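Count residues from 1 along the sequence. Numbering of ligands and ligand atoms starts at 1, following listing order. Just so we're clear, the structure is a prediction, and the values are computed from it rather than from any experiment.
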Amino acid sequence: MSEQGARTTDLTSAPRGRTWSRSTRWVLACLACVAAGVVLRYLLLETAHPPTKLSPPPRQGLNAPFITSPDLVVEKMVELACPTPSDLVYDLGCGDGRIVITAALKTGCRGVGFDIDPQRVAEARANVQLHEVADRVQIVEQDVFSVDLSRADVAMMYLLPWMMNKLLPQFAQMKPGCRIVSYEFWIDEIMPENIVETPAADGHIQRIYLYTTPLTKSPALEPGKPPVPSDLQSRSREVR
Ligand SMILES: C[S@@+](CC[C@H](N)C(=O)[O-])C[C@H]1O[C@@H](n2cnc3c(N)ncnc32)[C@H](O)[C@@H]1O
């Protein structure tokens, strides 16, 4: 064979060291097919179900958990609501009954505590017995959103922001001059009659809001923003 011919043969055949056997070529071909399948499946799934962006669960709909109001706060709430012995006080989400029982003990008013949780209802009923106010205080297992507020002179609560706003149509059932007292959470865009601030042990300011019915919207307040005592000046301007 000429030198030229030998060079041609060298170019068309694989170099000795890199020659793959038939079985190796099969294995490589199979691996390539599997890899292509994986890529294709990924692309198809991505297009059909784009990844869901995780967002925090909606707050709306989550009922207020059982967290008790501090004793000092309960006392202030009763002072602010100022029930008379002939008043009927509703405690919405009464927990262990501390608000309505304190109101009955301090003022002689009648009261009804409502709670959705049977365990809380049982505790509140036991506390009614313990404090001997069964002649004036009743505890009912009921969702606050189904309570008719037209008979209540005072409604007190420690719930959640969305619950305060959702209760608005029920607050509208209350007679003029009734009081709504809420710990921590306000009703969006409604100017309170009064705000009492008490410092907690950890330094955070605890607020208690007093509203009187009928509730009216105030242009001075922004939804989602708590009213603060300095906002009350604009209430007196609105009333004038
Ligand atoms: C933050 S705790 C307040 C308990 C008590 N009022 C206090 O101030 O110590 C809220 C209470 O509301 C009750 N609650 C939450 N959602 C409710 C609903 N939709 N209807 C009735 N009670 C509810 C809970 O079971 C819990 O006892």
In terms of residue, atom name and distance, what is the protein heavy atom nearest to [atom]?
atom	result
atom 5 (C) of ligand 1	C94 O, 3.5 Å
atom 22 (N) of ligand 1	I116 N, 3.1 Å
atom 3 (C) of ligand 1	I67 O, 3.3 Å
atom 8 (O) of ligand 1	S69 OG, 2.5 Å
atom 15 (C) of ligand 1	A64 O, 3.2 Å
atom 4 (C) of ligand 1	G93 O, 3.5 Å
atom 25 (O) of ligand 1	D115 OD1, 2.7 Å
atom 20 (N) of ligand 1	V144 N, 2.9 Å

task: State plainly whether the residues D153 and K175 are in salt-bridge range, i.e. N to O under 4.0 Å.
output: yes
- prompt: Does the pair R110/D135 count as a salt bridge with the N-to-O cut at 4.0 Å?
  reply: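 So R110 does not pair with D135 through a salt bridge.
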For [X], the ligand 1 atoms whose distance to one of its heavy atoms is below 4.0 Å:
X	result
T68	9 (O)
R120	27 (O)
D117	25 (O)
R98	9 (O)

query: Is there side-chain contact between I190 and K217, with at least one heavy-atom pair below 4.5 Å?
result: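 Yes, side chains in contact.
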- prompt: Quick one: are K76 and Y183 in side-chain contact, heavy atoms under 4.5 Å?
  reply: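 No, too far: nothing below the 4.5 Å cut-off.
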Ligand 1 contacted by [X] (non-hydrogen, < 4.0 Å):
X	value
M156	no
G97	no
Q142	yes

- request: Evaluate side chain to side chain contact (heavy atoms under 4.5 Å, CB included) for V128 paired with I101, printing each intermediate quantity in order.
  value: CA-CA 7 Å; V128 165; I101 293 172; 3.9 Å; yes
message: Assess, by modelled atom type and distance only, whether the side chains of D96 and N127 contain a donor and an acceptor separated by less than 3.5 Å.
response: no
- request: Classify the side-chain pair E184/Y158 by whether it contains a donor and acceptor separated by less than 3.5 Å.
  value: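 E184 vs Y158: no donor-acceptor pair found between side chains.
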query: Checking R98 side chain against V74 main chain: does a donor-acceptor pair fall under 3.5 Å?
result: no
message: Could you check whether any side-chain N or O of Y209 sits under 3.5 Å from a backbone N or O of V196, counting only pairs where one atom can act as donor and the other as acceptor?
response: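 Side chain of Y209 to backbone of V196: no pair is present.
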task: Could you pull out the closest heavy-atom pair between I139 and C94, with the gap in Å?
output: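 The pair with the smallest heavy-atom distance is CG2-SG, 4.2 Å.
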- request: Search all heavy atoms of P227 against all heavy atoms of R207 and return the closest pair with its distance.
  value: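 Scanning both residues completely, I find the closest heavy atoms to be O-CD, 4.2 Å.
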- prompt: Under the 6.0 Å and 45° cation-pi test, does R120 pair with F66?
  reply: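 Relative to the ring axis of F66, which defines the angle, R120 lies inside both limits.
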Option of least heavy-atom distance to atom 1 (C) of ligand 1 (set: P65, G113, G95):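 Looking at heavy atoms only, P65 sits closest to atom 1 (C) of ligand 1.
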For atom 18 (C) of ligand 1, the option (of V140, D143, L159, L167) bearing the nearest heavy atom: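 Answer by nearest heavy atom: D143.
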- request: Could you tell me whether some N/O pair between N63 and ligand 1 is separated by less than 3.5 angstrom?
  value: yes
- request: Of the side chain and backbone of I99, name the one, both, or neither that has a heavy atom under 4.0 Å from an atom of ligand 1.
  value: side chain
